[in-house]
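Encoded as structure tokens, the structure appears first; notes follow it.
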Amino acid sequence: MAYPNLKDADALKTWILVELGAPVVKVELAQEHLDNAVDNAIRWFSAGKGVRKQGFLALVAGQTVYPVPDDVDTILDVSFPANPYDLTAAFAPWLLPEQQIPWSASGSHGSSMGIYSNWVQALQYIEMAKRVMSSEEDWRQEGRLLYIFGMKTTSAGSKLIIDYKSGDFSIDTLAERDHIMLKQYALARAMLILGRIRLKYDGYPTAQGSVTLDAAALIEEAQAMIEKLTEDLAASGYPMGFICG
């Protein structure tokens with residue numbers, strides 16, 4: 001869902017100037033400075049969180065290494081197609097769909113808690129059977145390549161479902177919280193640049209007298225904002241789990 005008050009890159013640059021006091025106060029930033037601040041904010045958000053997406057990857061018989069799609073930054077999870085030659089079901093003590101724990105067991109009273117111990121042992125037994133039968137699929141991402149392990153056969157039209165973090169997004173389509181973090185980070189980067197520019201001068205004369213510049217305060221506030229926003233972004237990020245599936 002796109003919110004009507006969210007800003008694209010150009011509108012964000014205008015918002016930054018207004019937040020810094022323009023047009024009432026002179027803001028000594030060129031267009032290149034604003035471009036740099038917004039670009040840094042986009043890259044910061046992309047590296048720290050990005051946008052979570054899902055996609056399909058067509059499988060090729062006998063192929064175990066696949067190039068990662070262009071919009072994928074980090075693969076979070078991979079779902080494999082069902083293997084018609086998986087014989088591990090024959091080793092399953094309880095023939096239940098995907099070996100899920102029965103709903104009725106979750107409501108069992110205290111005297112029947114032994115079922116959980118049995119279930120853990122059963123799952124361990126199933127996983128051992130998968131390794132013995134070489135039917136346990138796995139994956140690993142290395143750079144821009146996805147490695148697939150344990151797939152014995154690939155039927156025509158088979159696909160992987162990949163859950164991934166993408167850096168391909170538009171500012172004005174971000175969720176509200178993400179949008180606020182990105183634009184506040186862009187503002188902080190602009191404040192850093194402005195503070196460094198104003199460090200060159202103690203002040204400037206006006207008709208009403210000399211005006212003292214706030215370079216040190218701008219830099220200090222910007223650094224505190226960047227530190228806090230980076231913590232917030234890390235806390236809101238997607239669980240990465242293990243590199244292998």
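Being a predicted model, the structure only gives us computed values, none of them experimental. All values below were derived from every heavy atom in this structure, side-chain atoms included, with hydrogens, water molecules and symmetry-related copies excluded.
To the nearest 0.5 Å, atoms CD1 (Ile42) and CZ (Phe169) are separated by 6.0 Å. Once rounded to the nearest 0.5 Å, the distance linking CE of Met191 with CD1 of Ile193 reads 12.0 Å. Taking CG of Asp232 as the reference point, atom CE of Met181 lies at 6.5 Å (rounded to 0.5 Å). With values rounded to the nearest 0.5 angstrom, Leu229 atom CG is found 12.0 Å from Lys183 atom NZ. Put simply, NZ on Lys49 and CZ on Arg177 are 6.5 Å apart, with the number rounded to the nearest 0.5 Å. Once rounded to the nearest 0.5 Å, the distance linking CD1 of Ile226 with CG of Leu192 reads 4.5 Å.
When all heavy atoms of Leu174 and Phe45 are compared, the pair lying nearest together is CD2-CE2, 3.8 Å. Closest non-hydrogen pair, Ala215 versus Gly195, comes out as CB-O, 3.3 Å. Ala47 and Lys165 make their closest contact through O-NZ, 3.7 Å (heavy atoms, listed as atom of the first residue, atom of the second, distance). Ala190 and Leu20 get closest at one heavy-atom pair: CB-CD1, 4.4 Å. Closest approach of Ile75 and Trp139 over heavy atoms only: O-CH2, 3.6 Å. Shown here for Ile171 and His179, the closest heavy-atom pair between the two residues is O-ND1, 3.4 Å.
In this structure, Leu160 and Ser79 have side chains that are not in contact, with every pair of non-hydrogen atoms separated by 4.5 Å or more.
Remark: side-chain polar atoms of Arg144 are paired, donor with acceptor, to backbone N or O of Val72 under 3.5 angstrom. Distance alone, capped at 3.5 Å, places no donor-acceptor pair between the Tyr164 side chain and the Asp71 backbone. Remark: the backbone N or O of Gln223 is not paired with any side-chain donor or acceptor of Glu221 at under 3.5 angstrom.
Both Val60 and Ile148 belong to a common hydrophobic cluster when Ile, Leu, Val, Met, Phe, Trp and Tyr are linked at side-chain heavy-atom distances under 4.5 angstrom.
Partners of Glu142 under the salt bridge (Lys or Arg N to Asp or Glu O under 4.0 Å) rule, at least two apart in sequence or in another chain, are Arg140. Residues satisfying the side chain to side chain donor-acceptor pair (under 3.5 Å) test with Asp39, not counting sequence neighbours, are Arg43. Scanning for salt bridge (Lys or Arg N to Asp or Glu O under 4.0 Å) contacts around Asp163 gives Arg52, with sequence neighbours left out. Applying the side chain to side chain contact (heavy atoms under 4.5 Å, CB included) rule to Asp10 yields the partners Asp8, Lys13; only residues at least two apart in sequence or on another chain are considered. Considering only residues two or more places apart in sequence or on other chains, Ser170 meets the side chain to side chain donor-acceptor pair (under 3.5 Å) condition with Asp172. Residues meeting the side chain to side chain donor-acceptor pair (under 3.5 Å) test with Thr64, sequence neighbours left out: none. Scanning for side chain to side chain donor-acceptor pair (under 3.5 Å) contacts around Glu32 gives an empty result, with sequence neighbours left out. Not counting sequence neighbours, the partners of Glu19 by the side chain to side chain contact (heavy atoms under 4.5 Å, CB included) test are Trp15, Leu187. Qualifying side chain to side chain contact (heavy atoms under 4.5 Å, CB included) partners for Ala22, counting only residues two or more places apart in sequence or in other chains: Leu17, Val27. Not counting sequence neighbours, the partners of Val65 by the side chain to side chain contact (heavy atoms under 4.5 Å, CB included) test are Leu145, Tyr147. Among residues two or more places apart in sequence or in another chain, the salt bridge (Lys or Arg N to Asp or Glu O under 4.0 Å) test is passed with Asp168 by none.
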Problem set entry | Residue pair Tyr185, Leu233: steps toward the side-chain contact (heavy atoms from CB on, under 4.5 Å) verdict | CA-CA 10 Å; Tyr185 189 89; Leu233 187 71; over 6 Å; no
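Among the candidates Ile16, Leu29, Leu199, the single residue satisfying the side chain to side chain contact (heavy atoms under 4.5 Å, CB included) test with Leu194 is Leu29.
Other residues sharing a hydrophobic cluster with Phe56 under the 4.5 Å side-chain heavy-atom criterion for ILVMFWY residues are Ile161.
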